Amino acid sequence: MAMTTPFSKKDLLPLEECLMVERKRSDMFIGVPKENFSTEKRICITPEAVQTLSTYGHRVLIEKGAGEAASYSDLDYSKAGAELTSDPKKVYSCQIIVKVVPPTLDEIKLMAPYTVIWSTVQLKTLSKAYFEALSKKKISAIGFDFIHDKYGAYPAISTLSEIAGISAIQIAAELMTTTNNGKGLLFGNVTGVLPTEVVILGAGLVAEYAAKTALGMGANVKVFDNSIQKLRRLQNNLPQQISTSTIQEKILQKALMRCDVAIGAIRGKNRAPIVVSETMVENMKKGAVIIDVSIDSGGCFETSELTTHENPTIVKSGVIHYGVPNITSRYSKTASMALSNIITPMLIEYAENGDLDGAVHSDSVLQTGIYSYKGLITNRIVAEWFNLDYKDIHLFAF
């Protein structure tokens, strides 16, 4: 008796199994151009990083003089295995460009179609024309400051925040000296002399490292932030208990009237919130110092203004204001080493994935940093900021 079955003969035939073809590791040719901005003295790839990349079979082309501002000579790079050229066109002809500041429109003109740029993003310095230029040449772009892991940690931002926090206190210490027209206070705690009073606005990483540095020098520290969770985390991470408070006008004003140094380290979604009014600044001690680390996103003191490394301070109501936006560039070698330590492993991971498409298809953290994929804007913040069309990067991960 013949057996009946709900399947047809075709259904019972074995089918071919489709296996995923593993992407081959690629050898990169990385171009590192010289920064064109006089205030930018950092470089993303140190000679040590060149040596590491070379051992993996990658080539690095450095524009001559690119590392001089960070105290790295052309000879240092040559010994590490880098190729050197004085022609920026050759550097920008590489398929991967690594630099600190996003490229200018003129630099984009030197690039080949489908180039991949690695840089910071610095939204406030960019224009819609920049993204239109990327789109025209189908250029992809990865922002260091956008890259984050599944826990929400941003490695590049965290490292630069550490440097910014420490340097804010060191700069304040310099500005209080008599030789810098300050009121001649030593930043610290000398026997028989009242310690320096420091007020920090914000309780993030910049604030944490500013507080640690100030405490290490013997200062009294007060921190203000509207997030109790952040204040609690800050207290737990510091070597000793400090005064903390939510931002309440009367309490903040009283603290500012007594302080010698005020550090602004509050960030907002778009612009930093102004929490210190002009009237509050007028009531501060004459010769007090304000370091507004939030100045690159607008500043959190109403009296803050953008300044430069050449002319870093202005005086308002007798209070010294420091408003240099690129504060970590002041310590260019330290910042370069820190950036290089973060970027080099990412470049190696990028090569292991094969190429940009491999990074998109994999579960790599690099995917979070891509804000332009072959000219298409894949970061919602960028798209909303410049009113551009947005494409979810996951749409390309097939």
Side-chain angles (χ1 to χ4, degrees), residues 26-37 39-85 88 91-92 94-103 116-122 141-149 153-167 205 209 326-353 359 364-366 368-370:
S26 64
D27 291 332
M28 298 182 295
F29 191 19
I30 303 164
V32 183
K34 190 174 182 178
E35 301 291 344
N36 283 327
F37 291 91
T39 57
E40 186 50 75
K41 302 182 185 304
R42 298 168 295 179
I43 188 167
C44 291
I45 296 181
T46 63
E48 292 79 12
V50 170
Q51 193 167 16
T52 300
L53 291 165
S54 297
T55 60
Y56 280 84
H58 307 305
R59 296 168 62 196
V60 182
L61 180 63
I62 306 275
E63 185 176 351
K64 287 184 177 179
E68 286 178 355
S71 302
Y72 291 118
S73 68
D74 291 340
L75 183 61
D76 293 332
Y77 281 105
S78 181
K79 286 181 177 178
E83 301 169 39
L84 290 127
T85 179
V91 179
Y92 283 105
C94 296
Q95 276 304 107
I96 296 176
I97 305 296
V98 180
K99 65 194 306 292
V100 180
V101 179
V116 180
I117 304 165
W118 293 57
S119 75
T120 57
V121 182
Q122 302 182 4
I142 298 173
F144 310 145
D145 33 357
F146 282 160
I147 295 174
H148 61 275
D149 62 25
Y154 291 75
I157 290 179
S158 297
T159 298
L160 294 176
S161 293
E162 290 179 32
I163 298 171
I166 295 167
S167 59
L205 275 174
Y209 281 86
N326 192 5
I327 195 169
T328 60
S329 188
R330 179 185 172 96
Y331 305 94
S332 56
K333 188 158 189 173
T334 297
S336 295
M337 288 189 288
L339 279 173
S340 185
N341 288 342
I342 291 165
I343 294 162
T344 305
M346 290 181 180
L347 283 167
I348 293 168
E349 181 185 345
Y350 177 92
E352 293 298 323
N353 286 320
S364 169
V365 294
L366 296 177
T368 63
I370 300 170

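As a basis for the values below, the full set of heavy atoms in this structure was taken, side chains included, without hydrogen atoms, waters or symmetry mates. Fair warning: this is a prediction, and the values are worked out from it, not measured in the lab.
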For His58 and Met28, indicate whether the former's side chain and the latter's backbone hold a donor-acceptor pair under 3.5 Å. yes
Side chain to side chain contact (heavy atoms under 4.5 Å, CB included) assessment of Ile45 paired with Trp118: CA-CA 11 Å; Ile45 296 181; Trp118 293 57; over 6 Å; no
Hey, does Pro88 have a side-chain heavy atom less than 4.5 Å from the side chain of Pro33? no
Without swapping roles, check the side chain of Glu63 against the backbone of Lys34 for a donor-acceptor pair under 3.5 Å. yes
With a 4.5 Å limit on heavy-atom distance, are the side chains of Leu347 and Leu53 in contact? yes
Considering non-hydrogen atoms only, spot the tightest contact between Ser332 and Ala69 and give its length. OG-O, 2.9 Å
Check whether any side-chain N or O of Glu68 sits under 3.5 Å from a backbone N or O of Ala70 as a donor-acceptor pair, and report yes or no. no
Which pairs of donor and acceptor atoms, one on a side chain in residues 156-163, lie under 3.5 Å apart (sequence neighbours left out)?
from, atom 1, to, atom 2, distance (Å)
Ser158, OG, Tyr154, O, 2.8
Thr159, OG1, Pro155, O, 3.0
Ser161, OG, Ile157, O, 2.7

Let me confirm one number: the OG-CD distance from Ser54 to Glu83, rounded to the nearest 0.5 Å. 9.0 Å
Is the backbone N or O of Met337 less than 3.5 Å from a side-chain atom of Thr46, with the two atoms forming a donor-acceptor pair by type? no
Please check if atom CZ in Phe29 has more than 12 non-hydrogen atoms from other residues, nucleotides or ligands closer than 6.0 Å. yes
Rounded to the nearest 0.5 Å, what's the gap from OG1 on Thr52 to CG on Asn341? Could you check? 9.5 Å
Under the 3.5 angstrom rule, does the side chain of Asp76 hit a backbone N or O of Tyr72 as a donor-acceptor pair? no
The side-chain contact (heavy atoms from CB on, under 4.5 Å) partners of Thr85 (sequence neighbours excluded) come to Leu61, Asp87, Lys90, Val91
Give a yes or no answer on whether the side chain of Asp145 reaches the backbone of Thr120 with a donor-acceptor pair at less than 3.5 Å. no
So Tyr92 and Lys99, do their side chains get closer than 4.5 Å, heavy atoms only? yes
Run Glu40 and Asn326 through side chain to side chain contact (heavy atoms under 4.5 Å, CB included) and show every step you take. CA-CA 8 Å; Glu40 186 50 75; Asn326 192 5; 3.0 Å; yes
Hey, is the main chain of Ala164 close enough, under 3.5 Å, to the side chain of Ser167 for a donor-acceptor pair? yes
Side chains of Ile147 and Met346, heavy atoms from C-beta outward: is any pair under 4.5 Å? yes
Is it true that a side-chain atom of Thr344 and a backbone atom of Ser340 form a donor plus acceptor pair closer than 3.5 Å? yes
For the atom pair CG (Leu84) and OH (Tyr77), what is the distance rounded to the nearest 0.5 Å? 9.5 Å
With a 4.5 Å cut-off on side-chain heavy atoms, are Glu35 and Val100 touching? yes
Are Tyr350 and Val116 side-chain neighbours, meaning at least one heavy-atom pair lies under 4.5 Å? yes
Cys94 and its side chain to side chain contact (heavy atoms under 4.5 Å, CB included) partner, picked from Val98, Ile96, Ile97: Ile97
Between Thr328 (side chain only) and Ala335 (backbone N and O only), is there a donor and an acceptor less than 3.5 Å apart? no
Are Val121 and Pro102 packed together at the side-chain level, in the sense that at least one heavy-atom pair is separated by less than 4.5 angstrom? no
Thr368 side chain vs His148 backbone, donor-acceptor pair below 3.5 Å: yes
